Q: 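Pasting a structure below so you can have a look.
Please read all numbers here as calculations on a predicted model, not as lab measurements.
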Amino acid sequence: MSRAKREKLNQTLNSHLSNIHETFQILDQTPPASLDKVGWDEVIKMGEQVHKQATIVGMLWTGETPEVAALEESMAAYFNMLQGFLLLSHGSKVGAGPTLSSSIHASVKLVVDASFRLLKESVSSYGSRNRDQKLTIPQLAGAVWNACSALKKTPATNITAIGRAMTQIAVSMKDVLREMKELKPTSSDPTDPTSDEASNKAESIPENNDNSSDGDLGNDLSSEEMKIAVSVISVVTEILAVIKELIRCITGLIKQEDANKSSNFVDSLENLLKLCQGVGVQVDELGACLYPPQEIPAMKAASEKISVSIDEIQAVIENLGGTTEAFVLACNVLRSSLGQLNSAAGDSSVADLASEMQKLAVTT
């Protein structure tokens, strides 16, 4: 008898799951611009209702095994709430660019996945003599609460979503910068004061966390290589300053986003993010080029790409009307650092060429 009841519950559950799967697929579609936009606060409120339903499911298992009718009723109410939650979430994507849409999709999926695990376990536990299995249900209800609470941290605007994405790029750059600062010259040459000078410059550039280790790979740079390393460190430091000011610039455009209903505004923001991502790739390239033997041509190419990207970023933000003096200053300082890097790389190329020619002269 218990097995038959569980089969009935499974059929009911699968029917609900199928309906939710179909509704969830709507999130992959771009809502028409004519659709009324749903505020994210409404999605959060509906998420709170989903959490309440999860709590009810959890409470059904605090005592004796619940009746089938009670489980079916709680499932119907839960999935009805989840259906409304998904539809509201879809409406919140009106006017959302790819970055915001991705954030919304990820947050909603957490709620749906946690809900599925809870309800599947609830049905699976019916008629089971495994006490531990029943004890997992309150924990799964807690997971739904966590997922619903996370909705409050989900970005509600394109600007917020893109600003956070830019912040993540900056975090990755800081990791690369920290590795760069772990590079040290092989030894200080008493006859070459530039060796100590380059090392001191590298150490003097601010860094939040220094976990350098003398045994790390790459602690064998010549004085010339160390000069280039210092220049690259300066470039990456100034790139971080540019991104910091850029985030401030786009944050100042929040009122413009509210008033601007065209896709051009969002496309421009997405373009800024794409350009920052490209700069991040070149920072990784610069970091890789620093280890001996240093790849000067690749380093110059990365520097040129960064320069072009910064010009494009500045043009886009100016077109949006969000330029600030601090941002322009940061861009100019970065350009100066890029110039110094190219000069140092050029000097290194000349020195390498002279050394090779001297070796050829000796052999002949």
Q: Does a side-chain heavy-atom distance below 4.5 Å link Leu320 with Leu269?
A: yes

Q: Are there over 12 heavy-atom neighbours, none belonging to Glu318, within less than 6.0 Å of that residue's CD?
A: yes

Q: Looking at residues at least two apart in the chain, or sitting in another chain, which of them share a side-chain contact (heavy atoms from CB on, under 4.5 Å) with Glu304?
A: Val308

Q: When rounded to the nearest 0.5 angstrom, what distance separates CD1 in Ile20 from CG in Leu82?
A: 4.5 Å

Q: Can you tell me how far CE of Met166 sits from CD1 of Ile159, rounded to the nearest 0.5 angstrom?
A: 10.0 Å

Q: Can you give each donor-acceptor pair under 3.5 Å made by side-chain atoms of residues 333-341, sequence neighbours left out, with the distance rounded to 0.1 Å?
A:
unit_1, atom_1, unit_2, atom_2, d
Arg335, NE, Asp311, OD1, 3.2
Arg335, NH1, Gln314, OE1, 3.3
Arg335, NH1, Asn332, OD1, 3.0
Arg335, NH2, Asp311, OD1, 2.9
Arg335, NH2, Gln314, OE1, 2.6
Ser337, OG, Ser234, OG, 3.3
Ser337, OG, Val333, O, 3.3

Q: Would you say the side-chain atoms of Ser268 pair up with the backbone N or O of Asn264, donor to acceptor, closer than 3.5 Å?
A: yes

Q: Got a second to check how far Gln53's CD is from Ser74's OG, nearest 0.5 Å?
A: 8.0 Å

Q: Linking I/L/V/M/F/W/Y whenever any side-chain heavy atoms sit under 4.5 Å apart, do Val283 and Ile296 land together?
A: yes

Q: For a 4.5 angstrom cut-off between non-hydrogen side-chain atoms, does Leu272 reach Ile162?
A: no

Q: Answer yes or no: is there a side-chain heavy-atom contact under 4.5 Å between Thr23 and Phe85?
A: no

Q: Between Ser125 (side chain only) and Glu121 (backbone N and O only), is there a donor and an acceptor less than 3.5 Å apart?
A: yes

Q: Given 3.5 Å as the limit, does a donor-acceptor pair link the side chain of Ser102 with the main chain of Pro98, or not?
A: no

Q: With sequence neighbours left out, write down each residue that passes side-chain hydrogen bond (donor to acceptor under 3.5 Å, both in side chains) with Glu270, or none if nothing qualifies.
A: Thr99

Q: Contact between Lys45 and Leu88 at the side-chain level, heavy atoms closer than 4.5 Å - yes or no?
A: no

Q: Quick check: do Val176 and Val236 have side-chain heavy atoms less than 4.5 Å from each other?
A: no

Q: Is any side-chain N of the basic residue among Lys227 and Glu224 closer than 4.0 Å to the acidic one's carboxylate O?
A: yes

Q: Please name the residue in the list Leu240, Leu273, Val279 that meets the side chain to side chain contact (heavy atoms under 4.5 Å, CB included) test with Ile169.
A: Leu273

Q: With a 3.5 Å distance limit and no angle check, can you tell me whether Lys93 reaches the backbone of Leu27 through a side-chain donor-acceptor pair?
A: yes

Q: How close do Gln29 and His90 get, heavy atom to heavy atom, and via which atoms?
A: O-CE1, 3.5 Å

Q: Report the distance from atom CD of Glu179 to atom CG of Leu290, rounding to the nearest 0.5 Å.
A: 10.5 Å

Q: If two hydrophobic side chains count as joined below 4.5 Å and joins carry through other members, does Phe24 share a cluster with Ile104?
A: yes

Q: Testing the basics here: between Val57 and Ser122, what is the closest heavy-atom pair and its distance to 0.1 Å?
A: CG1-OG, 4.0 Å

Q: Which residues satisfy the ring pair (Phe, Tyr, Trp, His ring centres under 6.0 Å) test with Phe327, sequence neighbours excluded?
A: none

Q: Within this structure, what is the CD1-OG distance for the pair Ile228 and Ser222, rounded to the nearest 0.5 Å?
A: 8.0 Å

Q: Using a 3.5 Å distance criterion without hydrogens, assess whether the side chain of Trp61 forms a donor-acceptor pair with backbone atoms of Thr136.
A: no

Q: Considering only heavy atoms from C-beta outward, does the side chain of Val94 approach that of Asp36 to under 4.5 Å?
A: no

Q: For a 4.5 angstrom cut-off between non-hydrogen side-chain atoms, does Trp40 reach Thr157?
A: no

Q: Check whether Asn271 reaches the backbone of Glu312 with its side chain - one donor and one acceptor, N or O, closer than 3.5 Å.
A: no

Q: When you measure from the side chain of Ser92 to the backbone of Ser89, do you find a donor-acceptor pair of N or O atoms at a distance under 3.5 Å?
A: yes

Q: State, yes or no, whether a side-chain contact exists between Met75 and Val123 at a heavy-atom distance under 4.5 Å.
A: yes

Q: State the CE-CD distance between Met46 and Gln83, to the nearest 0.5 angstrom.
A: 11.0 Å

Q: Which side-chain N or O atoms in residues 105-118 pair as donor and acceptor under 3.5 Å with protein atoms at least two apart or in another chain?
A:
unit_1, atom_1, unit_2, atom_2, d
His105, NE2, Asp28, OD1, 3.1
Ser107, OG, Ser103, O, 3.2
Ser107, OG, Thr154, OG1, 2.6
Lys109, NZ, Asp113, OD2, 2.7
Ser115, OG, Tyr78, OH, 2.7
Ser115, OG, Val111, O, 2.8

Q: Give the table of side-chain donor-acceptor pairs shorter than 3.5 Å for residues 243-254, with sequence neighbours excluded, one pair per line with atom names and distance.
A:
unit_1, atom_1, unit_2, atom_2, d
Glu245, OE2, Arg248, NH1, 3.2
Thr251, OG1, Ile247, O, 2.7

Q: Counting only N and O atoms by type, is there a donor-acceptor contact under 3.5 Å from the side chain of Asn14 to the main-chain atoms of Asn10?
A: yes

